[in-house]
Protein chains: 2
Amino acid sequence: MPNPFHDSIRAVEWSNGALKLLDQRALPRQREHLVIEDTAGTAQAIKDMVVRGAPAIGITAAYGVVLAARACYARSPATWKQDIETDLELLARSRPTAVNLFWALERMRRHAATLGGDPYPALLAEAQRIHEEDIAANRRMGEMGAELIQSPGAVLTHCNTGSLATGGYGTALGVIRAAYAAGRVSQVFADETRPWLQGARLTAWELVEDRIPVTLLCEGAAAHLLKQGGVRWVIVGADRIAANGDTANKIGTYSLAILARHHGVKFMVVAPTSTVDMTLAGGDQIPIEIRADSEVLTHAGHPVAAQGAQAWNPAFDVAPAELIDAIVTERGVILSPTPEKMAVMMGRQD
Amino acid sequence: MPNPFHDSIRAVEWSNGALKLLDQRALPRQREHLVIEDTAGTAQAIKDMVVRGAPAIGITAAYGVVLAARACYARSPATWKQDIETDLELLARSRPTAVNLFWALERMRRHAATLGGDPYPALLAEAQRIHEEDIAANRRMGEMGAELIQSPGAVLTHCNTGSLATGGYGTALGVIRAAYAAGRVSQVFADETRPWLQGARLTAWELVEDRIPVTLLCEGAAAHLLKQGGVRWVIVGADRIAANGDTANKIGTYSLAILARHHGVKFMVVAPTSTVDMTLAGGDQIPIEIRADSEVLTHAGHPVAAQGAQAWNPAFDVAPAELIDAIVTERGVILSPTPEKMAVMMGRQD
């Protein structure tokens with residue numbers, strides 16, 4: 001029996017004139033929400049990973065602009081369009097890699113520039129359009145990505161790319177949901193995804209609630225899994241896709257791309273075009289966030305490693321286009337991405 | 001200043017007529033010992049990973065045979081050689097992959113067969129010889145392995161292969177210690193090694209205490225690290241090496257072997273010949289232990305993943321010989337291992 005739990009999960013909501021975030025740090029243990037009413041709180045929530053996942057970060061930032069505009073306009077109706085720039089910068093500094101953040105800020109800024117009078121209703125409507133378009137894009141990508149899976153079998157995914165990482169439904173996890181519903185996926189393997197354990201804490205939770213069989217593994221076991229056969233596709237999301245198709249995504253993705261190719265397993269990237277950054281020619285230009293070493297050295301506040309040990313904690317890596325078999329966006333599917341194919345797709349209208 | 005802390009760490013000791021194990025489950029938080037006086041306790045300690053690391057498991061099993069022989073002889077001096085077979089089987093069932101366990105049991109059984117009267121002194125001497133030979137082998141491998149590192153730089157290691165995993169000093173970590181002392185290694189990167197975190201808990205502790213700079217990373221970050229350049233060698237231990245050089249080692253090793261080759265980084269396996277199993281033609285014949293899913297689904301007794309999620313927890317994988325640049329044993333170095341080179345080395349006398 002289908003149990004579309006994903007329709008009831010919303011990482012980001014606008015509720016009673018405020019931004020409401022499901023606190024993903026506490027999942028699956030607790031289901032708590034944070035209600036945020038200002039820009040600083042929005043930026044901090046993104047930085048602290050209350051909300052994470054490139055599309056969800058973009059949507060959150062869009063609502064953050066609504067909060068900022070409301071406050072700036074209330075303080076000074078004459079100068080709010082200049083005043084809000086400080087807030088936009090604060091939001092832009094919250095995390096560096098997911099380009100959806102900058103895309104959403106730019107779209108909101110452009111919309112704000114057209115407005116006269118109280119900007120609140122129009123900006124809220126624009127943020128809600130961004131949110132709704134993301135859900136629609138995910139549904140579309142889910143269908144197109146599922147069709148790529150020709151022979152039924154297992155798939156492997158990394159990090160969390162579901163309702164929690166997006167406006168709803170999911171990118172890579174949306175494809176997996178659609179493919180499972182269509183009988184094209186028999187089983188989902190999910191990397192636990194160190195150090196933040198998005199796979200164990202978030203992806204497993206979403207799939208269990210949707211009654212899709214999920215088996216977790218440590219990243220170190222992925223090569224051994226792929227060698228067994230049975231896994232047809234590795235399916236991941238993206239935090240930024242360069243103009244040539246190189247894809248930045250959660251640390252460990254590059255490793256999976258190499259391992260998939262080594263074992264003849266196909267590799268699919270699923271992301272809306274808001275994740276594509278055509279200003280960067282290649283993935284080596286994508287800024288990679290290095291997060292605190294405490295995420296590796298401690299667990300739940302307790303030290304794990306010996307005192308004196310250091311840790312290197314890059315949050316993302318880049319899978320080069322030549323290791324990617326398919327990029328799925330809401331505008332279509334690109335097989336074996338090249339700069340030319342990317343340009344054609346990005347020139348295409350929705 | 002050198003600070004040979006490794007000389008003071010002993011995972012396994014014989015003390016006051018009993019087996020004394022450093023409880024590695026509590027490290028680095030606590031330094032506790034378990035005193036074990038019977039076979040059942042020895043087998044349980046191996047199974048529960050109080051002691052781990054292929055050579056240390058072998059040495060522990062040898063002392064376990066001493067405990068078994070003492071008890072069997074005390075119960076029945078006439079039949080102890082038959083009676084002890086039950087104990088040998090119990091020890092052999094404790095863990096399936098590390099062949100050093102079976103090697104040590106067989107060597108002790110053969111020695112026992114030659115004995116008349118009270119077997120205790122002679123078997124204790126044999127177990128202590130196994131222990132001392134292991135330390136000597138590690139020193140020898142340390143020197144030979146260090147010489148393979150031609151240009152100074154960083155190295156990456158996986159799991160724990162130091163004093164805690166062996167009789168003392170270490171296999172892969174012995175090479176790293178020797179190479180660091182010789183100025184051939186500038187920095188050590190260590191995989192945290194999920195799910196048991198041997199890298200974070202044990203390797204980092206040994207290296208910090210020996211004042212060798214160590215930087216931990218999650219397994220998912222290894223490909224991104226190797227892409228940066230700077231890492232000259234990936235250096236790992238082994239749990240069982242087949243007659244063609246295929247090497248079973250801690251889960252994640254096979255992944256590293258693929259990633260190293262992809263980035264043009266050399267891959268070295270360091271293990272005493274007690275880890276070589278010439279009865280198996282290839283790595284696909286090595287039994288791979290699947291451990292409890294709770295090691296992945298929980299942390300320190302608390303659930304991490306959603307209830308209902310499953311986990312797949314293979315403890316080892318196999319790096320094929322063609323991805324291995326060098327195998328270092330106490331009998332010498334094999335470059336690009338083949339069945340022929342392995343046979344020549346194993347035929348060689350110490």
Side-chain angles (χ1 to χ4, degrees), chain A residues 27-29 158 189-195 197 199-202 204-209 213-225 227 250-259 262-263 288 293 296-297 299-300 302-314 316-318, chain B residues 27-29 158 189-195 197 199-202 204-209 213-225 227 250-259 262-263 288 293 296-297 299-300 302-314 316-318:
Chain A
L27 289 174
R29 206 168 20 85
H158 188 66
F189 288 97
D191 275 349
E192 61 171 7
T193 317
R194 286 284 295 156
L197 297 169
R201 297 193 305 104
L202 309 180
W205 182 60
E206 288 201 36
L207 292 176
V208 165
E209 295 292 338
V214 56
T215 302
L216 290 162
L217 61 152
C218 300
E219 274 86 303
H224 190 50
L225 174 69
K227 198 179 181 187
K250 179 54 53 199
I251 190 76
T253 300
Y254 172 45
S255 177
L256 286 180
I258 297 168
L259 300 178
H262 185 87
H263 293 95
I288 298 295
D293 62 2
V296 177
L297 298 174
H299 184 91
H302 298 288
V304 169
Q307 256 208 327
Q310 300 194 297
W312 182 60
N313 185 22
F316 304 95
D317 57 22
V318 175
Chain B
L27 288 174
R29 206 167 21 85
H158 188 66
F189 288 97
D191 275 350
E192 61 172 7
T193 318
R194 286 284 296 158
L197 297 169
R201 298 193 304 103
L202 309 180
W205 182 61
E206 288 201 36
L207 291 177
V208 164
E209 295 292 338
V214 57
T215 302
L216 289 163
L217 62 153
C218 299
E219 274 84 307
H224 190 51
L225 174 69
K227 197 178 182 188
K250 179 52 54 197
I251 189 76
T253 300
Y254 172 45
S255 177
L256 286 179
I258 296 168
L259 300 178
H262 184 87
H263 293 94
I288 299 295
D293 62 3
V296 177
L297 298 174
H299 184 92
H302 299 287
V304 169
Q307 257 207 327
Q310 300 194 298
W312 182 60
N313 185 22
F316 305 95
D317 57 23
V318 176

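Convention: sequence-line order gives letters A, B, ...; per-chain numbering from 1. Just so it is clear, the structure is predicted and the values come from calculations on it, not from any experiment.
- Between chain B and the residues A:D317, A:T253, A:L256, A:V318, the largest count of heavy-atom pairs under 4.5 Å involves A:D317.
- In this structure, SG on B:C218 lies 6.0 Å from CG on A:N313, to the nearest 0.5 angstrom.
- Contact tally against chain A (heavy-atom pairs below 4.5 Å) for B:P303, B:G252, B:A257: the top residue is B:G252.
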### Task
Given side-chain contact (heavy atoms from CB on, under 4.5 Å), test B:V304 with A:E192 step by step and report yes or no.
CA-CA 10 Å; B:V304 169; A:E192 61 171 7; over 6 Å; no

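- Here the CZ-OG1 distance, from B:R194 to A:T193, works out to 11.0 Å after rounding to the nearest 0.5 Å.
- Chosen from B:G199, B:A309, B:P213, the residue pairing most often with chain A at heavy-atom distances under 4.5 Å is B:A309.
- Of the two parts of A:L197, only the side chain, counted from C-beta on, holds a non-hydrogen atom closer than 4.5 Å to a non-hydrogen atom of chain B.
- Minimum interatomic distance between B:A306 and A:W205 (heavy atoms only, all atoms of both residues): CB-CA, 3.5 Å.
- The aromatic rings of B:Y254 and A:H263 sit perpendicular, their planes meeting at an angle over 60°, well past the 30° parallel limit.
- Both the backbone and the side chain of B:L225 come within contact range of chain A, with heavy atoms under 4.5 Å apart.
- Here the shortest heavy-atom pairing between B:A311 and A:T215 reads C-CG2, 3.8 Å.
- Contacts of B:I288 with chain A are made by side-chain atoms alone, with heavy-atom separations under 4.5 Å and no backbone atom involved.
- Here B:H299 is the residue among B:E206, B:K250, B:R29, B:H299 with the most heavy-atom pairs under 4.5 Å with chain A.
- Contact annotation for B:Q307: only backbone heavy atoms (N, CA, C, O) come within less than 4.5 Å of a heavy atom of chain A.
- With chain B as the partner, the residue from A:A221, A:A204, A:G308 showing the most heavy-atom pairs under 4.5 Å is A:A221.
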### Task
Check the pair B:L259, A:L259 against side-chain contact (heavy atoms from CB on, under 4.5 Å), reporting the backbone distance first and the verdict last.
CA-CA 8 Å; B:L259 300 178; A:L259 300 178; 4.3 Å; yes

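- Contacts of B:I251 with chain A are made by both backbone and side-chain atoms, with heavy-atom separations under 4.5 Å.
- Heavy-atom distances place the side chain of B:H262, and not its backbone, under 4.5 Å from chain A.
- Heavy atoms of B:K227 lying under 4.5 Å from chain A belong exclusively to its side chain.
- Among the candidates B:A190, B:S255, B:P314, the residue making the largest number of heavy-atom pairs closer than 4.5 Å to chain A is B:S255.
- Residues B:A305 and A:L216 come closest through the heavy atom pair CB-CD1, 3.5 Å.
- Both the backbone and the side chain of B:P195 come within contact range of chain A, each with at least one heavy atom under 4.5 Å from a heavy atom of that chain.
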